[in-house]
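Below: the structure, in structure tokens.
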2 protein chains.
Amino acid sequence: MKDFFEKLDEQKRERILNAAIKEFAYKKYEDASTNNIVSAAQIGKGMLFHYFGNKKNLYLYLYRYVREVMDKEIYSRIDYESGVLPIILKQLAKYNLETFKRHPSITDFIAQCNRETSPEVHDDIQNIRNERGVKIKEDIIYKNLDMKLLKPEFREKQTIKLIHWALDGYISEIKGSYNGENLDQLPVEEIMTDYDSYMDIICKAFYL
Amino acid sequence: MKDFFEKLDEQKRERILNAAIKEFAYKKYEDASTNNIVSAAQIGKGMLFHYFGNKKNLYLYLYRYVREVMDKEIYSRIDYESGVLPIILKQLAKYNLETFKRHPSITDFIAQCNRETSPEVHDDIQNIRNERGVKIKEDIIYKNLDMKLLKPEFREKQTIKLIHWALDGYISEIKGSYNGENLDQLPVEEIMTDYDSYMDIICKAFYL
DNA sequence: AAAACAATCGACCATCTTGGTCTATATTAT
DNA sequence: ATAATATAGACCAAGATGGTCGATTGTTTT
């Protein structure tokens, strides 16, 4: 059934994926409209149901898909060895932006899924979530940090949180400013250069 | 017409306001449902239209209302004199939390209004917005800062942004964790004590 | 070229939701 | 008791919903 979908050429497949992810990202399951999806994806209505059978299947397919993307494109690529938070966060930021470029609404979609309470899909999401242990980003980061690299007066968990919030702030601003159009030309390398200068300030302030 | 509404006892009035603000906060104007509002506010459907005439009037009334609240309860109370960013941000944070307590979705509602593209209300919002000059929070803050209070090596705009993001991060986390229930017991004073300890770290790191 | 097969569209369906109305009932004031 | 006001929710036409299906187009296979 979904074989039909997976055999589509990449362009069309991603058009459908992104249209659907976007629709589900900003509405609860029940409010999301398959009509909006097909019209944004520029396909006939019949096709969506030919590929996925029904709304619920589509939704669960998307959830599995984005989880896999996040895992493969981001989390599994992080190198925690340095023990320096800004270095770890920079990797996260970079891979995150690259994924954002392909699937702009992916983060919001996942957040929406986690909030989802619709009885029709709630349990299924929980099940998929538990299939593989949920990688809780923050826990993994915190466990791999070397606090001795911080200046002595800053060796507290609160410092870690502040650094996290500060550097995430920059990425959020970038994402916010690219809401909409020219996304395929998002200059990741350039952004990472700016990221470095923020990182330098943080390191100068908190690290030895 | 809306006199009827304003003469309601406070409890009911705020129930209606919050139900409506919440409904409009997370959906575009066209997707927001007056049915959801009346059922959340526990009033009959007729009443909503008795008070506001129609959906659009309700929406614009809300927008005027929240703008006034934000102005009166937050922006106009800030004292910029110290020129020290964390001190200014702390005031913002405190007043913000108090407002959040009364109207949990107010910030999201305003954000949604600013994004709003529905032709039926877009222009009206812009007009209300321009009635009084928009106070752009960040501009006012930046203009009143005394950079000489920072350690010399940190006297850059980037430092300011980092501090801003970092401290806003704490407030966002608090707001996120109180999503839903026990909001009337949100311990603002206690939170501000924690805020102080984050503030201290920032000051120790960046200020003389 | 014909026939067989697959991919695609969008009109169509019953059902539900929408913003808004209006009548019938409570409640209050006189 | 009467008049005036406040309230609820059944009801309406219009539109949107998830899902179906016959018709059409495009691509192979013969």
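Please read these numbers as outputs of a predicted model, since none were measured by experiment. Quick note on labels: first sequence line is chain A, next is B, and so on, each numbered from 1.
B:K55 comes within 4.0 angstrom of the backbone, heavy atoms only, and of no base. Within the 4.0 angstrom heavy-atom criterion, no nucleotide atom of any strand lies near A:F52. Residue contacts for A:K12: at a heavy-atom cut-off of 4.0 Å it reaches the sugar-phosphate backbone alone, with no base atom in range.
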- Task: Evaluate the side-chain contact (heavy atoms from CB on, under 4.5 Å) criterion for residues A:I140 and A:Y75: first the C-alpha distance (whole Å), next the side-chain angles of each, then the deciding distance (0.1 Å), finally the verdict.
- Result: CA-CA 10 Å; A:I140 300 180; A:Y75 298 129; over 6 Å; no
- Message: Using the rule given for side-chain contact (heavy atoms from CB on, under 4.5 Å), can you reason through B:L186 versus B:E98, listing the C-alpha separation, both sets of side-chain angles and the distance that settles it, and then say yes or no?
- Response: CA-CA 9 Å; B:L186 180 116; B:E98 276 161 1; over 6 Å; no
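With B:N130 contributing its side chain and B:Q126 its backbone, the two residues share a donor-acceptor pair below 3.5 Å.
As rounded to whole Å, 9 Å separates atom P of D:dT5 from atom CZ of B:F4. The separation between B:D31 atom CG and C:dC16 atom P is 20 Å, rounded to whole Å. The separation between A:N54 atom CG and D:dG19 atom P is 5 Å, rounded to whole Å. If you take OH of B:Y29 and P of C:dG19, they are 8 Å apart, rounded to a whole angstrom. B:F5 has its CZ atom 15 Å from the C1' atom of D:dT7, to the nearest Å. Rounded to a whole Å, the NZ atom of B:K56 is 18 Å from the C1' atom of C:dT18. When rounded to the nearest whole Å, the span between CD of B:E30 and C1' of D:dG15 equals 12 Å. For the pair B:I16 CD1 and D:dA6 P, the interatomic distance rounds to 13 Å; values are reported in whole Å.
Seen from the ring of A:Y29, A:K55 counts as a face-on cation partner, given the 6.0 Å and 45° thresholds.
Look at B:N35 and you'll find a side-chain N or O under 4.0 angstrom from OP1 or OP2 of C:dT18. Contact check, A:Y51 against C:dT8: a side-chain N or O comes under 4.0 Å of OP1 or OP2.
Taking every side-chain heavy atom of A:T34 into account, D:dG18 is the closest of D:dG18, C:dG20, D:dT7. Listed candidates were C:dG20, D:dG19, D:dA8. Nearest to the side chain of B:M47 is D:dA8.
Counting heavy-atom neighbours within 6.0 Å of B:K101 NZ, excluding the residue itself, gives a total above 12.
Along DNA chain D, the nucleotide nearest to A:F49 and the one nearest to B:G46 differ in position, and the one closer to the 5' end is contacted by B:G46.
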